[in-house]
Amino acid sequence: MPARKINTGPDGVSGVDEPVSGKVTPMPFLHDLAQRPAGRPIAARTPAEADVLRIISDSRTAVFVTEYAGGRRRYGYWRPVDAAADRGGCYVALPTDVCERLRATGRVTLGEPVTDPAKTTYRVRPARTPAAPARLPRAARERDRAA
């Protein structure tokens with residue numbers, strides 16, 4: 001399956017609809033790493049959710065959600081200028097429905113709000129799973145031996 005890029009349509013709503021040409025090196029997700037902690041099970045994701053989560057997980061890309069006074073939300077990030085490809089330097093919207101599904105399932109979290117009269121903006125970050133303890137606490141080990 002070819003890699004896909006997220007773009008914005010003429011009405012400002014974004015979607016994933018254009019294949020990316022050239023070599024694309026996907027960034028590994030936390031759950032793909034060998035040292036994945038034993039946390040919640042990994043749920044299946046759609047390709048669009050995987051693309052959005054890859055962008056949000058990239059520490060070089062600051063993703064924000066803006067909630068307007070009427071309740072409308074827009075997720076997006078700033079794409080820096082790429083001199084080699086002669087593109088970028090623009091705001092890129094992410095698909096709101098996909099981002100909302102990731103937030104509802106606990107895959108992403110919102111940071112501290114920055115509020116002004118017309119809107120509230122939050123930083124969007126990937127959710128972290130708590131690391132499993134290396135050893136059981138002493139009381140639990142002794143209780144297991146007694147049973």
Side-chain angles (χ1 to χ4, degrees), residues 1-140:
M1 182 170 132
R4 304 188 73 72
K5 74 175 183 180
I6 297 174
N7 67 1
T8 305
D11 59 348
V13 178
S14 63
V16 179
D17 63 355
E18 291 185 46
V20 174
S21 60
K23 182 178 178 182
V24 176
T25 305
M27 186 176 108
F29 293 110
L30 289 176
H31 68 268
D32 292 333
L33 300 175
Q35 301 169 356
R36 184 179 71 83
R40 65 178 165 224
I42 300 168
R45 291 190 306 270
T46 64
E49 288 174 334
D51 282 345
V52 169
L53 196 54
R54 179 184 54 79
I55 292 167
I56 292 172
S57 297
D58 185 352
S59 62
R60 298 169 297 173
T61 305
V63 178
F64 295 92
V65 59
T66 303
E67 185 171 350
Y68 295 93
R72 183 180 66 132
R73 289 188 182 138
R74 286 289 177 234
Y75 290 80
Y77 65 98
W78 179 258
R79 180 182 293 162
V81 175
D82 182 3
D86 193 33
R87 44 177 205 198
C90 60
Y91 181 77
V92 180
L94 296 171
T96 303
D97 59 333
V98 172
C99 293
E100 286 296 312
R101 274 197 311 267
L102 290 171
R103 192 170 71 86
T105 58
R107 292 294 195 184
V108 297
T109 59
L110 303 182
E112 294 295 317
V114 176
T115 306
D116 67 31
K119 62 186 177 183
T120 303
T121 303
Y122 303 88
R123 173 78 188 262
V124 180
R125 293 200 160 113
R128 299 196 185 271
T129 55
R135 294 181 53 178
L136 288 173
R138 183 180 192 128

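No hydrogens, no waters, no symmetry mates; every other heavy atom, side chains included, goes into these values.
Listed by chain and number, the residues in a salt bridge (Lys or Arg N to Asp or Glu O under 4.0 Å) with Glu100 are Arg73, Arg103 (sequence neighbours excluded). Looking at residues two or more places apart in sequence or on another chain, you find a side-chain contact (heavy atoms from CB on, under 4.5 Å) between Pro113 and Thr115, Thr120, Tyr122. Residues meeting the salt bridge (Lys or Arg N to Asp or Glu O under 4.0 Å) test with Arg125, sequence neighbours left out: none.
With rounding to the nearest 0.5 angstrom, the OH atom of Tyr75 is 10.0 Å from the OG1 atom of Thr66. The distance from the OH atom of Tyr77 to the CG atom of Asp58 is 9.5 Å, given to the nearest 0.5 Å. How far CG of Leu102 is from OG1 of Thr109: 11.5 Å, rounded to the nearest 0.5 Å. Of the inter-residue distances, the one linking Phe64 atom CZ with Leu110 atom CG reads 11.5 Å to the nearest 0.5 angstrom. A distance of 10.0 Å separates CG of Leu94 from CG of Asp51, quoted to the nearest 0.5 Å.
Closest approach of Pro95 and Val52 over heavy atoms only: CD-CG2, 4.0 Å. Summarising the geometry of Thr96 relative to Arg74, their closest heavy-atom pair is OG1-NH1, 3.3 Å, with the distance given to 0.1 Å.
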Candidate pair Val108 and Cys99, rule side chain to side chain contact (heavy atoms under 4.5 Å, CB included), full reasoning: CA-CA 8 Å; Val108 297; Cys99 293; over 6 Å; no
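Using a 4.5 Å heavy-atom cutoff, the side chains of Arg101 and Thr46 are in contact.
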